[in-house]
Amino acid sequence: QVQLVESGGGLVQPGGSLRLSCAVSGRDFLIKAMGWFRQAPGKQRELVATIQTGGRTNYADAVKGRFTISRDNAKNTKYLQMNSLKPEDTAVYYCYANIKNFGTTYEGDYWGQGTQVTVSS
């Protein structure tokens, strides 16, 4: 089965950096698009960044200039480099992918388990 596995979360001080990773495992699938979402306490889940097959990216206004999304197609892995972190960035970050699964003929959304990012002094 297709699974998304996240890593890289943790506790950092304001102004610090973290790099999140999301690896897609499984067989007979095609990743069409990937992205990162986050959900802070008491708030709805929101889009952080996306990257498409051709490399096109977009970012939420709150993270532009600080976060960078990238993708290694050979490794089926996506990254989110987070710099100049602020306390407002504290949230659970979720990896997202739109995947076509040739084994089941299913095409739709897959989600990682989430990784906690805490920005605090």
Side-chain angles (χ1 to χ4, degrees):
Q1 59 180 345
V2 176
Q3 293 183 324
L4 277 61
V5 181
E6 302 167 341
S7 62
L11 173 65
V12 298
Q13 296 183 358
S17 299
L18 283 175
R19 191 189 193 196
L20 306 182
S21 299
C22 176
V24 181
S25 63
R27 301 177 63 183
D28 300 324
F29 64 86
L30 174 65
I31 302 174
K32 299 177 65 178
M34 300 185 72
W36 290 96
F37 289 73
R38 68 184 182 185
Q39 186 168 18
K43 297 184 178 180
Q44 299 290 327
R45 186 175 300 185
E46 63 179 353
L47 174 68
V48 176
T50 61
I51 185 168
Q52 300 182 17
T53 302
R56 184 196 309 163
T57 60
N58 65 80
Y59 300 89
D61 290 339
V63 306
K64 287 182 178 178
R66 300 187 297 118
F67 291 10
T68 302
I69 187 171
S70 60
R71 182 177 181 178
D72 186 336
N73 291 328
K75 298 180 179 180
N76 290 324
T77 302
K78 176 186 64 180
Y79 307 94
L80 183 68
Q81 179 66 46
M82 304 184 294
N83 298 326
S84 302
L85 284 163
K86 305 175 181 179
E88 304 89 88
D89 296 317
T90 297
V92 177
Y93 285 70
Y94 296 91
C95 180
Y96 159 84
N98 182 263
I99 296 176
K100 185 175 183 179
N101 189 331
F102 295 101
T104 64
T105 71
Y106 174 77
E107 180 177 346
D109 300 335
Y110 290 79
W111 293 88
Q113 79 285 357
T115 183
Q116 177 70 48
V117 173
T118 302
V119 185
S120 176
S121 59

Hydrophobic cluster identity match, [X] and [Y], side-chain contacts under 4.5 Å:
X      : Y      : result
Tyr106 : Leu30  : no
Leu47  : Trp111 : yes
Val12  : Leu80  : yes

Compare every heavy atom of [Y] with every heavy atom of [X], then report the nearest pair and how far apart it is.
X     : Y     : answer
Trp36 : Ser21 : CH2-O, 3.7 Å
Ala40 : Thr90 : CB-O, 3.6 Å
Ala33 : Arg71 : CA-NH1, 4.4 Å
Lys75 : Thr77 : O-OG1, 2.9 Å
Arg38 : Ala62 : NH2-CB, 4.1 Å
Ser84 : Arg66 : O-NH1, 3.0 Å

Heavy-atom side-chain proximity of [X] to [Y] below 4.5 angstrom:
X      : Y     : answer
Leu85  : Phe67 : yes
Val2   : Val24 : yes
Tyr110 : Cys95 : no
Met82  : Tyr93 : yes

Using modelled atom types and a 3.5 Å cut-off, is there a donor and acceptor pairing between side-chain atoms of [X] and backbone atoms of [Y]?
X      : Y      : answer
Glu6   : Gly114 : yes
Arg19  : Gln81  : no
Tyr59  : Ile69  : yes
Lys78  : Tyr96  : yes
Ser120 : Thr118 : no

To the nearest 0.5 Å, how far apart are [atom1] in [X] and [atom2] in [Y]?
X      : Y      : atom1 : atom2 : answer
Ser7   : Leu20  : OG    : CG    : 8.0 Å
Asn98  : Ile31  : CG    : CD1   : 10.0 Å
Thr104 : Ile99  : OG1   : CD1   : 10.5 Å
Asp28  : Thr105 : CG    : OG1   : 12.5 Å
Tyr79  : Thr68  : OH    : OG1   : 14.5 Å
Leu18  : Thr115 : CG    : OG1   : 8.5 Å

Would you check if there is a donor-acceptor pair between the side chains of Arg56 and Asn58 at a distance under 3.5 Å?
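Side chains of Asn58 and Arg56: no pair found under 3.5 Å.
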Any carboxylate oxygen within less than 4.0 angstrom of a Lys/Arg side-chain nitrogen, looking at Lys86 and Asp89?
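No, this pair does not count.
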Yes or no on ring pair (Phe, Tyr, Trp, His ring centres under 6.0 Å) for Tyr94 and Phe37, after CA distance, side-chain angles and deciding distance?
CA-CA 5 Å; Tyr94 296 91; Phe37 289 73; 8.7 Å; no
Take Asn83 and Ser17 through the side chain to side chain donor-acceptor pair (under 3.5 Å) test and state the conclusion after the steps.
CA-CA 4 Å; Asn83 298 326; Ser17 299; 2.9 Å; yes
Residue pairs involving residues 101-121 (criterion salt bridge (charged side-chain N to carboxylate O under 4.0 Å, His left out); sequence neighbours excluded):
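Only Lys32-Glu107 qualify under salt bridge (charged side-chain N to carboxylate O under 4.0 Å, His left out).
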